[in-house]
Chemist: 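The structure under discussion is supplied below as structure tokens; questions concerning it will follow.
As the structure lists them, so they are numbered: ligands from 1, and atoms in each ligand from 1.
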Amino acid sequence: MSLHDRPLGKHLISIEDLDRPSIERILDRAESFAEVSGREIKKVPALRGRTVVNLFYEASTRTSSSFELAAKRLSADVVSVRSAGSSVDKGESLKDTVQTLSAYDPAAIVIRTPYAGSAQLVAGWTPASVINAGDGKHEHPTQALLDVFTLRRRLGSLDGKRIWIIGDVLHSRVARSNVLAFTRMGAEVTVCGPPTLIPRQIEALGCQARATLDELDEADVVYVLRMQLERMREAFVPTLREYAARYQISAARLAPDQLLMHPGPVNRGVELSADAIDSPQALIGEQVKAGVAVRMAVLYELLVGTPILQAVA
Ligand code: ASP
């Protein structure tokens with residue numbers, strides 16, 4: 001068995017679960033599913049007769065809709081549960097909810113919660129494969145995979161590319177997953193933001209840290225994060241206006257050949273100006289589009305790709 005053929009683990013909790021060949025394998029698979037998404041009938045029978053449960057305890061537009069579409073395009077039966085309006089409102093715990101939904105014998109549970117570490121806990125409560133769709137400030141691995149997919153399509157390879165991740169790194173699961181994924185794929189990553197929003201020892205993840213945009217010119221890719229105001233219980237910046245003055249990416253701050261990314265949803269006029277969002281350098285729409293093919297690939301690789309063995313070290 002070549003490295004490229006190594007099976008994925010049963011769950012996808014963190015980018016740490018994936019080495020470079022596993023990431024490449026998911027992206028190659030996603031390319032073939034992107035072709036399916038271009039057909040008039042966008043379905044393949046890979047998961048016919050199997051059930052995928054989407055369990056979302058936190059707001060989501062892109063991730064929840066793309067996981068739902070991905071599972072449907074693979075012909076799975078899909079049950080989507082949002083905590084609002086479910087028995088969670090009646091006080092049912094996460095564990096009881098997962099065990100209740102496990103009674104339907106799902107092949108996979110896609111879980112989003114505001115609590116770091118919860119996807120790992122869920123994996124201990126169900127025989128299903130568990131996919132982390134965002135657990136608090138911890139990780140959002142499928143976002144990182146779709147970002148690598150989008151960049152690989154544009155740039156061919158991430159090897160040696162310089163990627164700046166800018167903004168509220170402290171509260172961002174996307175930043176954590178993306179630093180890991182981008183560096184694993186050979187990029188040099190710099191995180192940049194006000195010192196109050198850059199975690200101490202972030203360099204341990206393999207990136208550099210900067211407090212100003214002074215050297216932004218060196219970046220091939222400018223990846224901007226949302227200010228996660230819902231996670232802030234104190235003032236991390238004097239005012240959003242001041243933050244925008246120092247860190248907002250506008251078309252004027254972008255060099256002509258730099259690519260611009262953002263995971264969405266964007267706070268227009270805070271971390272990005274309207275002219276940057278609408279500029280031809282922005283890949284934001286491509287990122288959303290990539291979400292379906294990449295999530296189809298993740299479901300396929302975990303549930304069908306190869307015999308399901310232990311996690312890749
Ligand atoms: N949609 C991404 C997430 O769920 C990014 C964000 O919300 O800022 O983490």
Side-chain angles (χ1 to χ4, degrees), residues 12-15 54-70 80 82-84 110-120 122 130-151 163-182 189 191-194 197-199 202 205 221-233 236-237 240 243-244 247-249 260-273 276-277 282-292 294-295 298:
L12 178 57
I13 307 293
S14 158
I15 289 293
N54 294 323
L55 181 54
F56 278 67
Y57 278 70
E58 207 189 44
S60 172
T61 303
R62 280 151 281 266
T63 307
S64 58
S65 57
S66 62
F67 262 115
E68 190 166 330
L69 265 182
S80 293
R82 297 240 178 203
S83 57
V110 177
I111 175 88
R112 162 164 299 186
T113 80
Y115 316 114
S118 54
Q120 185 68 58
V122 168
V130 172
I131 300 173
N132 182 6
D135 60 336
K137 293 191 284 182
H138 177 227
E139 277 221 43
H140 193 354
T142 58
Q143 175 73 46
L145 291 169
L146 73 87
D147 290 331
V148 175
F149 178 86
T150 305
L151 281 178
I163 304 179
W164 276 49
I165 299 179
I166 299 166
D168 181 4
V169 178
L170 183 68
H171 299 99
S172 174
R173 53 193 173 213
V174 172
R176 225 185 120 71
S177 291
N178 271 350
V179 170
L180 291 169
F182 291 156
V189 180
V191 297
C192 174
L197 291 175
I198 301 290
I202 183 87
L205 291 183
V221 178
V222 177
Y223 193 109
V224 180
L225 300 169
R226 183 175 65 90
M227 284 291 267
Q228 313 249 315
L229 300 172
E230 77 281 16
R231 296 195 204 285
M232 296 185 192
R233 286 198 189 81
F236 286 83
V237 290
L240 284 181
Y243 174 82
Y247 296 100
Q248 182 186 89
I249 299 299
L260 175 66
M261 302 178 85
H262 189 296
V266 175
N267 289 316
R268 245 174 210 263
V270 180
E271 67 266 3
L272 282 181
S273 69
I277 299 169
L283 302 181
I284 300 170
E286 286 179 42
Q287 290 172 266
V288 176
K289 205 166 161 199
V292 177
V294 168
R295 289 173 173 129
V298 167

Chemist: Could you walk me through whether Ser14 and Glu139 pass the side chain to side chain donor-acceptor pair (under 3.5 Å) test, one step at a time?
Modeler: CA-CA 6 Å; Ser14 158; Glu139 277 221 43; 2.5 Å; yes

Chemist: Has the side chain of Ser177 got a donor or acceptor atom that lies under 3.5 Å from a matching backbone atom of Ile15?
Modeler: no

Chemist: Return the set of residues passing side-chain hydrogen bond (donor to acceptor under 3.5 Å, both in side chains) with Glu230 (not counting sequence neighbours), or none when no residue passes.
Modeler: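 Glu230 satisfies side-chain hydrogen bond (donor to acceptor under 3.5 Å, both in side chains) with Arg226 only.
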
Chemist: I'd like to check the side-chain contact (heavy atoms from CB on, under 4.5 Å) partners of Pro194; sequence neighbours left out, ordered by chain and number.
Modeler: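 Thr196, Leu197, Val237, Tyr243, Tyr247.
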
Chemist: Verify, without hydrogens or angle tests, whether Gln287 (side chain) and His262 (backbone) share a donor-acceptor contact under 3.5 angstrom.
Modeler: yes

Chemist: If a pair satisfies salt bridge (charged side-chain N to carboxylate O under 4.0 Å, His left out) and one of its residues is in residues 58-67, list it, with sequence neighbours excluded.
Modeler: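 Non-adjacent pairs meeting salt bridge (charged side-chain N to carboxylate O under 4.0 Å, His left out): Glu58-Arg173, Glu58-Arg231.
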
Chemist: Using heavy atoms and a cut-off under 4.0 Å, could you grab the residues that are in contact with ligand 1, chain by chain, numbers ascending?
Modeler: Arg112, His140, Arg173, Val174, Arg226, Gln228, Pro263, Gly264, Pro265

